[in-house]
Chemist: 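The structure follows.
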Amino acid sequence: MAETGASPLPAIPPPASPRAQGPRSPLARAEHFVWLTARVLEQRLFAHDFRGGDPGPVETALEAYRNDDGGYGHALEPDLRGQASQPLHTAHALRVLDAVGRCGGQRAERVCRYLTAVSTPDGALPVTRADRDGAPAAPFLPVVADPPGELLVTGPVVGLLHRNEVWHAWLFRATDFCWQAAESLGSPHPCEARAAVAFLDTAPDRPRARAAADRLGRLVREQRLAVLDPDDLDACPVPAGHTPGEHLFPHDYARDPRSLARAWFTDDEMARSLDFLAAGQEDDGGWPVRRRRWAPVPALEARGRVTLEALRTLRAYGRPLG
């Protein structure tokens, strides 16, 4: 049988990268990354924060992570897998609700009941609690049966609830714990210092909060807990438990210029920090996760949140996003 002589199909060129399509604004590149890569929750948050989207879809997306006990699970924090409710997940859920103005009413009441149930006798929250499933967790998030309460989670949670004028019996003990912890820090881990600021920024006693923040800021500078010159990372020691490159910068402490931590840094130091943050946007439009990579999926899922945080910080300081 004679061959038909049909010509072969033309080769399909590979899709152009975002950069190859011509100059694009940081916001447009980030949007491309979010819709291509991020979870539904971060997609809804991006639409709310930067495209005028309604808060309802954000809350609907967050609801998928809520459990019957009022806490949140299902890898809402990507480094902690499994379905069980965890304080770390629940703290992140509060940040989401706060971002869309829904951190109050019955939602807050449900969360506070869960927080009461999992807190230590002094009202503090552990980072994680052991669950029956034995779900995977990042090696830097040890899951133990009887964990201590820590400022790392308690500070940001209490700060958010105060900012939203939520009042619950648990808050009295938790607030006392945060005051004691924040005012007694002597050689803090950078993440502890950041958690203390999250509490102090909205603590009800403003003169006391300013005094505690001033003291903490001096410790951060004296102990080199923030990189003041991004071109000289070696000038700052890598925090305990972190890997090379895992540093905190001025913008990590003061994500908004209204934060008490903004006074810790000069205008030039903050400008260099924001320049470093802006330059960190990668070719795919997202920002990198500056911590240990222990599994592929958690690292990818975390980038959506990190990208949103970078955009919010740059916008808060008036940096152009396009």
Chemist: Are Leu274 and Thr313 side-chain neighbours, meaning at least one heavy-atom pair lies under 4.5 Å?
Modeler: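 In contact.
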Chemist: Mind checking what makes ring pair (Phe, Tyr, Trp, His ring centres under 6.0 Å) contact with Phe276, not counting sequence neighbours?
Modeler: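 Applying ring pair (Phe, Tyr, Trp, His ring centres under 6.0 Å) to Phe276 gives Phe249.
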Chemist: side-chain hydrogen bond (donor to acceptor under 3.5 Å, both in side chains) for Asp252 and His247? Distances and angles first, verdict last.
Modeler: CA-CA 9 Å; Asp252 291 311; His247 296 281; over 6 Å; no
Chemist: Within 45° of the six-membered ring axis of Phe50 and under 6.0 Å from that ring's centre, is NZ or CZ of Arg315 located there?
Modeler: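 Arg315 over Phe50 ring: yes.
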Chemist: Tell me, with the steps shown, if Ser25 and Leu321 meet side-chain contact (heavy atoms from CB on, under 4.5 Å).
Modeler: CA-CA 6 Å; Ser25 70; Leu321 295 176; over 6 Å; no
Chemist: Quick one: salt bridge (charged side-chain N to carboxylate O under 4.0 Å, His left out) partners of Arg218, sequence neighbours excluded?
Modeler: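 Salt bridge (charged side-chain N to carboxylate O under 4.0 Å, His left out) list for Arg218, sorted by chain: empty.
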Chemist: Could you grab the distance from atom CZ of Arg102 to atom CD of Glu59, nearest 0.5 Å is fine?
Modeler: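 Spacing of CZ (Arg102) from CD (Glu59) equals 5.0 Å.
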Chemist: Pairing donors with acceptors under 3.5 angstrom, does anything connect the side chains of His92 and Arg95?
Modeler: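 Side chains of His92 and Arg95: pair found under 3.5 Å.
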Chemist: Which heavy atom of Arg292 sits nearest a heavy atom of Pro139, and at what distance?
Modeler: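 The pair with the smallest heavy-atom distance is NH1-CG, 3.8 Å.
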Chemist: Working note: Arg272 + Asp267, criterion salt bridge (charged side-chain N to carboxylate O under 4.0 Å, His left out); need CA distance, chi angles, decisive distance, verdict.
Modeler: CA-CA 9 Å; Arg272 285 197 296 270; Asp267 290 347; over 6 Å; no
Chemist: Between Arg24 and Glu31 (salt bridge meaning N to carboxylate O under 4.0 Å), is one present in this structure?
Modeler: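 Between Glu31 and Arg24 there is no salt bridge, as every charged N stays at least 4.0 Å from the carboxylate O atoms.
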Chemist: Using side chain to side chain contact (heavy atoms under 4.5 Å, CB included) as the criterion, list what pairs up with Ala212, not counting sequence neighbours.
Modeler: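 Only Glu183, Leu200 meet the side chain to side chain contact (heavy atoms under 4.5 Å, CB included) criterion with Ala212.
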Chemist: Can you name the closest pair of heavy atoms from Pro288 and Glu282 and give their distance?
Modeler: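 Pro288 and Glu282 have their closest heavy atoms at CB-OE2, 3.4 Å.
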Chemist: Give me the atom names and distance for the closest heavy-atom approach of Pro156 to Ala198.
Modeler: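 In terms of heavy atoms, the two residues are closest at CA-CB, 3.8 Å.
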Chemist: Using salt bridge (charged side-chain N to carboxylate O under 4.0 Å, His left out) as the criterion, point out the one residue from Asp256, Asp98, Asp201 that pairs with Arg163.
Modeler: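 That would be Asp98; it is the only one of Asp256, Asp98, Asp201 passing the salt bridge (charged side-chain N to carboxylate O under 4.0 Å, His left out) with Arg163.
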Chemist: Please tell me if the side chains of Leu115 and Leu171 come closer than 4.5 Å, counting only heavy atoms from C-beta onward.
Modeler: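 Answer no - side chains too far apart.
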Chemist: Do Trp287 and Leu36 sit in the same hydrophobic cluster, where Ile, Leu, Val, Met, Phe, Trp and Tyr count as joined when their side-chain heavy atoms come under 4.5 Å apart?
Modeler: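 Each belongs to a different hydrophobic cluster.
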Chemist: Passes salt bridge (charged side-chain N to carboxylate O under 4.0 Å, His left out), Glu77 versus Arg305? Steps please.
Modeler: CA-CA 10 Å; Glu77 276 286 347; Arg305 187 192 66 197; 2.6 Å; yes
Chemist: By the ring-ring contact (aromatic ring centres under 6.0 Å, His included) test, which pairs, at least two apart or in different chains, include something from residues 144-168?
Modeler: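 Found His162-Trp167.
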Chemist: Which distance, rounded to the nearest 0.5 Å, do you find between the OG of Ser187 and the CD of Glu222?
Modeler: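 Interatomic distance, Ser187 OG to Glu222 CD, rounded to 0.5 Å: 10.5 Å.
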Chemist: Could you tell me if Asp284 and His32 have a donor-acceptor pair between their side chains, going purely by distance under 3.5 Å?
Modeler: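 No, no side-chain donor-acceptor contact under 3.5 Å.
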Chemist: Contact between Asp79 and Phe140 at the side-chain level, heavy atoms closer than 4.5 Å - yes or no?
Modeler: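 The answer is yes, as the side chains (C-beta and beyond) meet within the 4.5 Å cut-off.
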Chemist: Could you state the interatomic distance from CD (Glu301) to CZ (Arg39), rounded to the nearest 0.5 Å?
Modeler: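 Rounded to the nearest 0.5 Å, the CD-CZ separation comes to 5.0 Å.
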Chemist: Can you tell me how far CG of Asp49 sits from CZ of Arg44, rounded to the nearest 0.5 angstrom?
Modeler: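 Reported to 0.5 Å precision, the distance equals 13.5 Å.
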Chemist: Minimum heavy-atom separation for Thr202 to Gly159, with atom names?
Modeler: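 Minimum heavy-atom separation between Thr202 and Gly159: OG1-O, 2.6 Å.
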Chemist: What residue pairs, at least two apart or across chains, pass ring-ring contact (aromatic ring centres under 6.0 Å, His included) with a residue in residues 180-238?
Modeler: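 Qualifying pairs: Trp179-Phe199, His189-His242.
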Chemist: Say whether Leu141 and Leu300 are linked into one hydrophobic cluster, either directly or through other cluster members, by side-chain heavy-atom distances under 4.5 angstrom.
Modeler: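 The answer is no; the residues belong to distinct hydrophobic clusters.
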Chemist: Looking at every non-hydrogen atom in both residues, tell me the closest pair between Pro26 and Gln281 and how far apart they are.
Modeler: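 In this case the closest contact between Pro26 and Gln281 is O-NE2, 3.0 Å.
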Chemist: Do Pro78 and Val297 make a side-chain contact, defined as non-hydrogen atoms from C-beta onward lying under 4.5 Å apart?
Modeler: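 No, their side chains stay 4.5 Å or more apart.
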Chemist: Grab the two heavy atoms, one from Asp69 and one from Ser85, that are nearest each other, plus how far apart they are.
Modeler: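 Nearest pair, atom of Asp69 first, then Ser85: OD1-OG, 2.8 Å.
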Chemist: Count I, L, V, M, F, W, Y as connected when their side-chain heavy atoms are under 4.5 Å apart, and connections chain through other members. Are Val40 and Leu45 then in the same cluster?
Modeler: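 No, separate clusters.
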Chemist: If you measure only the distance, is there a donor-acceptor pair under 3.5 Å linking the side chains of Thr120 and Asp122?
Modeler: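 There is such a pair (donor and acceptor under 3.5 Å, judged by atom type) between the side chains of Thr120 and Asp122.
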Chemist: Taking the side chain as everything from C-beta on, heavy atoms only, tell me whether Arg110 gets closer than 4.5 Å to Arg66.
Modeler: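 Side chain of Arg110 against side chain of Arg66, heavy atoms only: contact under 4.5 Å found.
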Chemist: Can you tell me if Arg51 has over 12 outside heavy atoms packed within less than 6.0 Å of its CZ?
Modeler: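 Enclosed: over 12 neighbouring heavy atoms sit under 6.0 Å from CZ of Arg51.
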Chemist: With rounding to the nearest 0.5 Å, note down the distance linking CZ in Phe33 to OG1 in Thr37.
Modeler: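 Here the rounded value is 4.5 Å.
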Chemist: Take Val143 and Arg129 through the side-chain contact (heavy atoms from CB on, under 4.5 Å) test and state the conclusion after the steps.
Modeler: CA-CA 6 Å; Val143 180; Arg129 302 175 75 245; 6.0 Å; no
Chemist: At what distance, to the nearest 0.5 angstrom, does NE2 of His74 lie from OH of Tyr65?
Modeler: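 If I round to the nearest 0.5 Å, the distance is 10.0 Å.
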Chemist: When you compare the side chain of Arg113 with that of Trp170, does any pair of heavy atoms fall below 4.5 Å?
Modeler: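 No, every pair of side-chain atoms sits at 4.5 Å or beyond.
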Chemist: For Glu150 and Leu125, run side-chain contact (heavy atoms from CB on, under 4.5 Å): C-alpha distance rounded to whole Å, both residues' side-chain angles, the deciding distance at 0.1 Å, then the answer.
Modeler: CA-CA 6 Å; Glu150 297 191 32; Leu125 296 170; over 6 Å; no
Chemist: Hey, mind stepping through Met270 and Trp264 against side-chain contact (heavy atoms from CB on, under 4.5 Å) and telling me if it holds?
Modeler: CA-CA 10 Å; Met270 184 57 72; Trp264 300 353; over 6 Å; no
Chemist: Measuring only between side-chain heavy atoms, which start at C-beta, is Trp35 closer than 4.5 Å to Gln43?
Modeler: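 The answer is yes; the side chains approach within 4.5 Å.
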Chemist: So, Ser273 and His251: side-chain donor and acceptor under 3.5 Å apart, yes or no?
Modeler: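 Short answer, yes.
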Chemist: With a 3.5 Å cut-off and sequence neighbours excluded, list the donor-acceptor pairs that the side chains of residues 223-234 form with protein atoms.
Modeler:
residue	atom	partner	partner atom	Å
Gln223	NE2	Gly186	O	2.8
Arg224	NH1	Ala235	O	2.7
Asp229	OD1	Asp231	N	3.0

Chemist: In terms of hydrophobic clustering (I, L, V, M, F, W, Y; side-chain heavy atoms under 4.5 Å; direct or indirect links), are Leu160 and Val118 co-clustered?
Modeler: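 Linked, Leu160 and Val118 end up in one cluster.
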Chemist: Kindly indicate whether the side chain of Leu41, heavy atoms from C-beta on, has any atom under 4.5 Å from the side chain of Phe46.
Modeler: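 Leu41 does not reach Phe46 side chain to side chain.
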